[in-house]
Number of protein chains: 2
Amino acid sequence: MSDALSGLGALAHETRLAAFRLLVRAGPNGLAAGTIASRLGVGATVMSFHLAELTQAGLVDSRRDGRSIIYAANYKRVGALLDYLIEDCCQGTCGSRANTTKEVSHETDAR
Amino acid sequence: MSDALSGLGALAHETRLAAFRLLVRAGPNGLAAGTIASRLGVGATVMSFHLAELTQAGLVDSRRDGRSIIYAANYKRVGALLDYLIEDCCQGTCGSRANTTKEVSHETDAR
DNA sequence: TGTATATTTCTATAAATATCGAAGTATGAA
DNA sequence: TTCATACTTCGATATTTATAGAAATATACA
C-alpha cells in the first residue's frame, strides 16, 4: 500500500501524469528525457525532477543510450497499482472496464 | 483529465487513502466523520480537512444525519477515475484485473 | 584533446499542503 | 433557553513539493 501511495503521488501532478501517458503510449522502447521535456514544453531540470519522482515510485524505468537517458513505463508496476486500486479500494465494484461481476457485502450501519 | 488529477491527488495521502478505503468498504450507507476519525486515530480537524479534499475531488459525497455528517464513496466517480487510468493511461494493457485482451501499437523510436 | 550535447545534481526560493488549537455553526436533548 | 455533541472553518505554523539557474557528470564526435 505504501507502493500505491507513492504511485498515486507520482501521478498526481500535471507534468508527471502527462509524461507518464506519453511513456505508456511510447511502449517498451520508451522516450528520451529531452524528448519528453520538449513535447511537454518544460525545462530539462524540471523534467528531470519529475522523471525522478516517477522512477522512485517505480512507475517508470530508465536506461542510458549514448548521451540520452531513455525512460519507459514499467507496465508491471503500473498494473500492480491498478490492481490494488480495483481490488483493495473498490472491491472490484467500480468502473466499467474495471468492473467484474462480484458479490460484495457492505457494512450496514453508518456510525 | 483534470478530474483524474484531483482524484489522484486526493488519494495520494495516507490518511485520505485509508479513509477512502473505509468508505468503499462501508458501502452506500457510509460512515460518520467522527467514526472515520476515531478508526484512523486522527483529530477531528485533520479528518475534516482530508474529507473535504476527497469531497472536492468528487470521490466521496456527504449528507447530514442529525449531528453527524455521513460520508460515502461516490462509486460512479471512482469508477470513472479507474476507467480513465486503465484506458487513457494504460490503453487497457496493464494489470490483471484491469487487463482486457486488446491489440495496441506503440511508437517505434525512442527519440 | 577540446567542444558540444544530454541530462542530472545542487542550492536557493517559491508555492502548495498539512497540522493543530481556537472559535464558530448546526443539531439534539434536558 | 441552555448545555453537550458533532463537525467545520479560521488562522498560524510547519512541512513537503516544485521551480529555476548554475555547476557537475557522462557521452559523442571532430
Side-chain angles (χ1 to χ4, degrees), chain A residues 2-20 22-23 26 29-73 109-111, chain B residues 2-20 22-23 26 29-73 109-111:
Chain A
S2 175
D3 276 3
L5 252 182
S6 62
L8 289 165
L11 294 179
H13 186 281
E14 189 172 12
T15 301
R16 288 195 297 262
L17 184 57
F20 176 73
L22 280 180
L23 290 175
N29 286 347
L31 292 171
T35 303
I36 303 171
S38 65
R39 287 208 197 164
L40 299 182
V42 307
T45 298
V46 167
M47 195 70 254
S48 186
F49 169 78
H50 290 303
L51 288 171
E53 296 282 305
L54 286 167
T55 302
Q56 199 165 358
L59 298 178
V60 307
D61 295 318
S62 64
R63 64 193 142 91
R64 179 174 279 278
D65 175 21
R67 275 176 283 199
S68 295
I69 293 186
I70 310 292
Y71 287 85
D109 192 355
R111 308 294 167 79
Chain B
S2 176
D3 276 2
L5 253 183
S6 61
L8 289 166
L11 293 179
H13 186 281
E14 190 172 10
T15 301
R16 288 195 298 261
L17 184 57
F20 176 72
L22 280 180
L23 290 175
N29 286 346
L31 292 171
T35 304
I36 303 171
S38 66
R39 287 209 195 161
L40 299 182
V42 308
T45 298
V46 167
M47 195 70 254
S48 185
F49 169 79
H50 290 304
L51 287 171
E53 295 281 307
L54 286 168
T55 301
Q56 200 166 0
L59 299 178
V60 308
D61 296 319
S62 64
R63 62 192 143 93
R64 178 174 279 278
D65 174 21
R67 277 177 281 201
S68 296
I69 294 185
I70 310 293
Y71 287 85
D109 192 354
R111 308 294 169 79

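Proteins come first, then strands; the chains are lettered A, B, ... in the order of their sequence lines, and each starts at number 1.
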Exercise. Could you tell me the separation between the CG atom of A/L11 and the CG atom of B/L8, rounded to the nearest 0.5 Å?
Key: 5.5 Å
Quiz item: Reckon A/T15 has a side-chain N or O less than 4.0 Å from the OP1 or OP2 of D/dA18?
Solution: no
Exercise answer: donor-acceptor pairs, residues 46-56 of chain A side-chain atoms, under 3.5 Å, sequence neighbours excluded:
unit_1, atom_1, unit_2, atom_2, d
A/H50, ND1, A/R16, NH1, 3.1
A/T55, OG1, A/L51, O, 2.7

Practice problem: Return the value, rounded to whole Å, for the distance between atom CD of A/E14 and atom P of C/dA15. | Solution: 17 Å
Quiz item: Given atom CZ of A/R63 and atom C1' of C/dT7, what is their separation to the nearest angstrom?
Solution: 15 Å
Practice problem: Considering non-hydrogen atoms only, spot the tightest contact between A/A18 and A/L40 and give its length. | Solution: CB-CD2, 3.8 Å
Quiz item: Which whole-number value in Å describes the distance from B/Q56 CD to D/dT8 P?
Solution: 14 Å
Quiz item: If you measure from CG on A/L23 to CD1 on A/I36, what distance do you get to the nearest 0.5 Å?
Solution: 4.0 Å
Practice problem: Send over the distance from A/L51 CG to C/dT7 P, rounded to a whole Å. | Solution: 10 Å
Exercise. Check whether any side-chain nitrogen or oxygen of B/Y71 sits under 4.0 Å from OP1 or OP2 of D/dT8, and answer yes or no.
Key: yes
Exercise. Mind listing the residues from residues 40-50 of chain B sitting with a heavy atom below 4.0 Å of DNA chain D? Number order is fine.
Key: B/A44, B/T45, B/S48
Exercise. Rounded off to whole Å, could you give me the CZ-to-C1' distance for the B/R16 and D/dT16 pair?
Key: 13 Å
Quiz prompt | A/D65, A/L31, A/T35 screened by side-chain contact (heavy atoms from CB on, under 4.5 Å) with A/I70, the one that passes | solution = A/D65
Practice problem: Would you mind reading off the distance between A/L31 atom CG and C/dT7 atom P, rounded to a whole angstrom? | Solution: 11 Å
Practice problem: Report the distance from atom CG of A/L54 to atom P of D/dA18, rounded to the nearest whole Å. | Solution: 10 Å
Practice problem: State, to the nearest 10°, the angle formed by the axis through the first five base pairs of the helix from C/dT1-D/dA30 to C/dA30-D/dT1 and the axis through its last five. | Solution: 20°
Exercise. With sequence neighbours left out, write down each residue that passes side chain to side chain contact (heavy atoms under 4.5 Å, CB included) with A/A72, or none if nothing qualifies.
Key: none
Practice problem: Of all the heavy-atom pairs spanning B/A57 and B/A10, show the shortest one and how long it is. | Solution: CB-CB, 3.5 Å
Exercise. Sequence neighbours left out, what passes side chain to side chain contact (heavy atoms under 4.5 Å, CB included) with A/S62? Give chain and number order.
Key: A/I69, A/Y71
Quiz item: Quick one: A/E53 CD to D/dT19 P, roughly how many Å, whole number?
Solution: 10 Å
Detail all sub-3.5 Å separations between protein N/O atoms and N/O atoms belonging to nucleotides 24-27 of chain C.
none

